[in-house]
2 protein chains.
Amino acid sequence: MPLLLLKDLPRYECLLEGAKVFPELDPSACEAYLHLLRAGDEVFSVTERNLAEHTISQGRFGVLMLLWNSTQRRTSTGHTVEPCRPAGPRTPAELADAAGVTRATMTGLIDTLERDGLVRREPDPDDRRMMSVRLTPKADAFVAALLPAHFQIMARLMAPLSETERKTLVALLTKILQSASELTATAPVLSASS
Amino acid sequence: MPLLLLKDLPRYECLLEGAKVFPELDPSACEAYLHLLRAGDEVFSVTERNLAEHTISQGRFGVLMLLWNSTQRRTSTGHTVEPCRPAGPRTPAELADAAGVTRATMTGLIDTLERDGLVRREPDPDDRRMMSVRLTPKADAFVAALLPAHFQIMARLMAPLSETERKTLVALLTKILQSASELTATAPVLSASS
DNA sequence: CTTTTTTAGTTAGCCGCCTAACTATCTGCT
DNA sequence: AGCAGATAGTTAGGCGGCTAACTAAAAAAG
């Protein structure tokens with residue numbers, strides 16, 4: 001569970017009440033915001049609990065998936081899967097970038113993965129600053145064993161939504177994501193915007 | 001930023017491709033899942049960045065809000081606001097419960113808040129095991145100064161959504177939240193479900 | 001009235017996230 | 001050639017999650 005959040009979201013009347021005191025408070029926006037974080041957190045923790053049973057964290061799992069995705073393209077058993085990304089991430093820097101964490105964080109993740117024998121660091125022959133991170137066979141088996149349950153969890157989480165509702169949800173979330181990106185880009189200091 | 005996640009979400013064709021290999025993979029469910037976590041994460045980090053400018057974390061802010069919400073009811077300046085919750089949380093245990101974290105975590109949060117002079121621990125006269133946590137005047141001013149910008153951020157994040165879309169979003173998220181709760185309740189061990 | 005169980009809070013230690021500072025290497029400029 | 005700056009990775013230290021183990025006090029059981 002990544003973040004601390006109210007277990008019981010405030011009732012809508014409370015938001016309306018708050019809006020009388022704070023004119024900046026947009027009740028429906030606030031409600032949507034709180035539900036988004038709450039649902040995201042809950043969904044996250046459900047999958048995290050699943051992964052934890054295989055003694056792996058969400059973060060490490062993400063790294064494994066990135067690497068696994070890369071290897072699939074090369075060692076695929078006759079499938080010749082269309083590459084969905086130009087070239088799978090290999091180095092810690094690429095992995096950090098793809099995962100959206102800092103390089104320092106990636107160092108720590110690779111450390112623990114290597115300690116658990118799921119990953120190997122190999123020096124790059126051309127550039128001695130760089131490392132290449134590879135999955136071990138153990139990791140291949142590990143991921144393959146893990147994924148079915150992981151996908152089932154996702155499917156069950158979204159089970160109450162129809163296909164149309166899912167598309168609607170994705171569309172709405174995409175809009176929010178975009179406005180979040182704009183806020184990030186245009187308002188590094190909040191008071192300097194508006 | 002609480003969680004590690006793919007910066008670029010996989011294209012839908014990749015999910016379809018993956019579904020050929022893993023029959024458990026429901027592409028639209030997976031897509032919705034990824035978008036939900038991604039959007040939640042992004043939105044979270046936008047507000048976190050705002051709070052960070054006031055040198056406070058999302059977690060500490062949550063505690064302040066819970067306490068502030070309690071005090072509002074008692075010291076409200078003539079407003080006599082309808083209590084939105086039965087009785088505001090006061091003790092570390094109540095705060096932990098309301099915030100959805102463990103007591104150990106709450107101890108840490110209160111520690112740093114107390115260190116920064118935003119909160120005071122007072123022993124309960126009736127039950128010597130218990131503590132009562134109170135906001136300092138400094139915290140009152142702090143929260144009052146912080147909230148307008150915080151509400152503005154929420155409003156801007158949700159700006160691209162119409163009122164109807166916000167209601168739709170909340171309804172969809174509520175469905176997901178419910179299925180997540182059911183998964184949590186009925187499947188403490190994943191393999192024991194289904 | 002003692003003993004056991006429950007409860008409140010803290011402590012200790014792990015993990016993953018961050019930033020900032022550091023080392024080593026490569027690249028480019030002159 | 002040689003040095004300045006960029007780049008890859010790590011290290012160090014902080015924070016906020018967690019679990020598990022502990023202390024002190026209250027409540028329940030006998």
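What you see is a predicted model, and the numbers here were worked out from it, not measured in a lab. In the text below, chain A, chain B and the rest are named by the order of the sequence lines, each starting its count at 1.
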Would you say Arg115(A) places a side-chain N or O within less than 4.0 Å of OP1 or OP2 belonging to dC15(C)?
yes
Which nucleotide, dA12(D), dG17(D), dG9(D), lies nearest any side-chain atom of Met131(A)?
dG9(D)
With DNA chain C as reference, determine whether Arg128(A) or Thr91(B) sits nearer its 5' end, using the nearest nucleotide of each.
Thr91(B)
Residue closer to the 5' end of DNA chain C, Arg129(A) versus Asp127(B) (nearest nucleotide)
Asp127(B)
Integer-rounded Å distance: dA8(D) P and Asp126(A) CG
14 Å
Roughly how many Å is it from CD in Glu94(B) to P in dG9(C), rounded to a whole number?
8 Å
d(CG, Asp111(A); P, dA12(D)) in whole Å:
12 Å
Can you tell me if Glu94(A) uses its side chain to pair, donor with acceptor, with the backbone of Arg90(A) under 3.5 Å?
yes
Here the distance between atom C1' of dG16(D) and atom CG of Leu95(B), to the nearest Å, is 16 Å
Looking at Thr112(B), is its backbone amide N or carbonyl O close enough to the side chain of Arg60(B) to form a donor-acceptor pair, meaning the two atoms are under 3.5 Å apart?
no
Just by modelled atom types, is the Glu163(B) backbone N or O under 3.5 Å from a matching donor or acceptor in the Ser28(A) side chain?
no
Looking at Arg60(A), I'd like to know whether one of its side-chain N or O atoms comes within less than 4.0 Å of OP1 or OP2 on dC14(C).
no
ring-ring contact (aromatic ring centres under 6.0 Å, His included) for His150(B) and Phe61(B)? Distances and angles first, verdict last.
CA-CA 11 Å; His150(B) 190 65; Phe61(B) 176 71; 4.7 Å; yes
In whole angstroms, how far is the P atom of dG17(D) from the CD atom of Glu48(A)?
13 Å
Can you see if the side chain of Ser57(B) gets near the phosphate of dG16(D) - specifically, an N or O under 4.0 Å from OP1 or OP2?
yes
Comparing Gly108(A) with Thr102(B), nearest DNA chain D nucleotide closer to 5' gives the residue Gly108(A)
Within the pair Thr105(B) and dC18(D), is there a side-chain N or O less than 4.0 Å away from OP1 or OP2?
yes
Provide, to the nearest angstrom, the distance between the CZ atom belonging to Phe61(A) and the P atom belonging to dG16(C).
14 Å
Answer with yes or no whether the side chains of Thr47(B) and Gln58(B) bring together a donor and an acceptor at under 3.5 Å.
yes
Give Thr107(A) one of three labels, base, sugar-phosphate or nothing, depending on what nucleic acid heavy atoms sit under 4.0 Å from its own.
base
dT10(D), OP1 or OP2 - any side-chain N/O from Arg103(A) closer than 4.0 Å?
no
In whole angstrom, what separates Asp97(B)'s CG from dT7(C)'s C1'?
14 Å
Checking dG16(D), dA12(D), dA20(D) against the side chain of Ala104(A) (C-beta onward), the nearest is dA12(D)
What is the distance from CG of Leu64(B) to P of dG16(D), rounded to the nearest Å?
11 Å
